[in-house]
Amino acid sequence: MPPVEATAHGKSAIDRVRIAELIDREQAKLADRTPTSRQRYERGVKVMPGGVPSSFQENDPWPVYLERGEGARVWDVDGHEYVDFHNGFGVMCIGHANPTVGAAVKARIDMGTHFAAPTDGSIAVAEELADRFGLPQWRFTNAGTESTMDAVHLARGATGRDVILKIEGSYHGHHDAVMVSVYPDLEDLGDRDDPRSVPYGAGYPLALTELTRAVPFNDAEALASVLGKLEGQVAGLIMEPAMMNINIIPPVDGYLERVRELTREHGVMLIFDEVKTGATIARGGATARFGVQPDLVTLAKATCGGYPGGAVGMTDELAEQISEGRVHQYGTFNGNPLVMAAAEATLTQVLTEDAYRTLESSNSWLLSACDDIIERYELPCYSEGLGAKGCVIFAAEPIREYRDYLTKVDGELSTLAWLYHMNNGVFMTPGVEEEWTLSIAHTEADLQRFVDALEAFARDVTSS
Ligand SMILES: Cc1ncc(COP(=O)(O)O)c(C=O)c1O
């Protein structure tokens with residue numbers, strides 16, 4: 001079995017030898033439990049790199065292949081049932097096989113599934129999103145990557161400038177402008193107020209990489225300094241208002257307000273990438289929750305209830321860039337009737353204000369149950385949550401930005417916790433950086449299963 005990849009190591013009083021033994025034991029257990037996944041992997045790897053359709057689905061020694069899902073549960077190809085906290089990378093807030101969304105999609109199937117001509121569904125969804133996010137104009141896409149790509153084009157087209165700012169350690173999809181300083185090594189980062197542009201993998205021309213600069217999260221002064229140095233060159237700042245790809249890092253008080261002021265002062269378009277937060281942490285996403293209005297909002301994931309769609313919201317002025325033909329926003333499948341039927345049912349019938357209240361209270365219950373275990377076993381970690389999303393962060397003190405994530409998060413403990421989840425019927429994303437996403441189908445008994453797995457982990461790592 002290959003060694004566990006730890007993206008980061010923190011220092012704690014935990015016995016490292018014991019952790020290594022437990023990781024070996026739990027990895028062997030997971031491998032023994034999933035022989036059919038292994039067979040699928042051996043078949044899949046002959047025709048797909050890593051045996052998976054997207055590299056984010058890879059895992060050592062093989063991924064767990066799933067067969068079906070219903071409500072808060074999923075079943076793997078070996079017949080194991082799990083409570084799903086992965087939820088399709090934060091998409092399935094409505095629960096698997098949701099009957100309301102299923103009925104809307106089935107009705108649409110019988111009326112034809114694709115025309116590449118506008119249908120009523122796209123108008124209804126755009127109206128709903130305008131109401132939720134306070135931005136008047138919307139266009140549709142097929143994924144988060146397309147949403148952030150279109151937002152970058154709009155910022156550049158409207159300002160006539162080329163440079164894009166992003167936040168260190170943030171992921172915004174896999175197009176050239178944002179595959180920069182995603183998960184760079186500490187030694188490659190450079191100074192706080194003059195960070196280097198580090199390409200995330202091969203295939204991105206250096207000339208394009210250099211047009212994107214990264215700044216640290218939760219540091220308005222570093223942003224002010226970079227904006228001062230690049231005066232007149234920056235088209236847009238793209239950011240998650242709460243970071244959700246290095247666990248969860250909420251904005252500190254006043255940070256987003258100051259970012260809004262600075263971007264206005266410098267004529268820079270502010271893009272809130274709400275692909276993760278948009279339909280999960282409040283009816284109007286982070287924009288409503290934190291009360292700061294950006295120029296552009298990008299959506300995907302939970303917005304379309306498990307169907308492949310996204311959206312980009314914009315001001316009237318930015319919309320003119322498109323309607324007057326200066327910025328081109330295209331896509332054969334944009335506003336696809338099937339996806340729109342799913343999105344309309346999701347947003348207007350399932351993820352209502354009441355549903356957000358339910359998600360919030362389920363999450364508070366789970367977070368405080370985790371806190372209780374952390375306290376009782378004196379674990380070097382803490383919990384963080386917003387709306388449907390939460391995590392236990394294996395760092396002894398709260399992290400505020402990517403540089404903290406690299407230096408303070410304990411990769412081995414995070415990996416071991418994941419193995420305990422998977423071996424105890426809790427389906428979670430592999431890796432150190434993700435969080436759980438709850439659905440409206442999760443019951444208290446479902447949440448208890450997560451707590452029990454965490455407690456089994458806590459007992460074993462702290463017993464000598
Ligand atoms: C914040 C954020 N933006 C954009 C994307 C890209 O979305 P997609 O995978 O749908 O292209 C992701 C994907 O995880 C994301 O987390």
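Just follow the structure's listing: the first ligand is 1, and inside any ligand the first atom is 1.
- Aromatic ring centres of F85 and F427 lie farther apart than the 6.0 Å criterion allows.
- Counting heavy atoms from C-beta on, the side chains of H114 and N336 come closer than 4.5 Å.
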Where does ligand 1 get N/O contacts under 3.5 Å from the protein, atom by atom?
unit_1: ligand 1; atom_1: 3 (N); unit_2: D273; atom_2: OD1; d: 3.4
unit_1: ligand 1; atom_1: 3 (N); unit_2: D273; atom_2: OD2; d: 2.6
unit_1: ligand 1; atom_1: 10 (O); unit_2: G144; atom_2: N; d: 2.8
unit_1: ligand 1; atom_1: 11 (O); unit_2: G144; atom_2: N; d: 3.4
unit_1: ligand 1; atom_1: 11 (O); unit_2: T145; atom_2: N; d: 2.8
unit_1: ligand 1; atom_1: 11 (O); unit_2: T145; atom_2: OG1; d: 2.6
unit_1: ligand 1; atom_1: 14 (O); unit_2: K301; atom_2: NZ; d: 3.0
unit_1: ligand 1; atom_1: 16 (O); unit_2: N245; atom_2: ND2; d: 2.9

Please tabulate, one pair per line, all N/O donor-acceptor pairs under 3.5 Å involving side-chain atoms of residues 88-101, not counting sequence neighbours.
unit_1: H96; atom_1: NE2; unit_2: D84; atom_2: OD2; d: 2.7
unit_1: N98; atom_1: OD1; unit_2: T100; atom_2: N; d: 2.9
unit_1: N98; atom_1: OD1; unit_2: V101; atom_2: N; d: 3.1
unit_1: N98; atom_1: ND2; unit_2: I94; atom_2: O; d: 2.8

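- Looking at S383 and D371, their side chains do bring a donor and an acceptor atom within 3.5 Å of each other.
- At least one side-chain heavy atom of L165 sits under 4.5 Å from a side-chain heavy atom of L223.
- Using a 4.0 Å cut-off between charged side-chain N and carboxylate O, E210 and R196 make no salt bridge.
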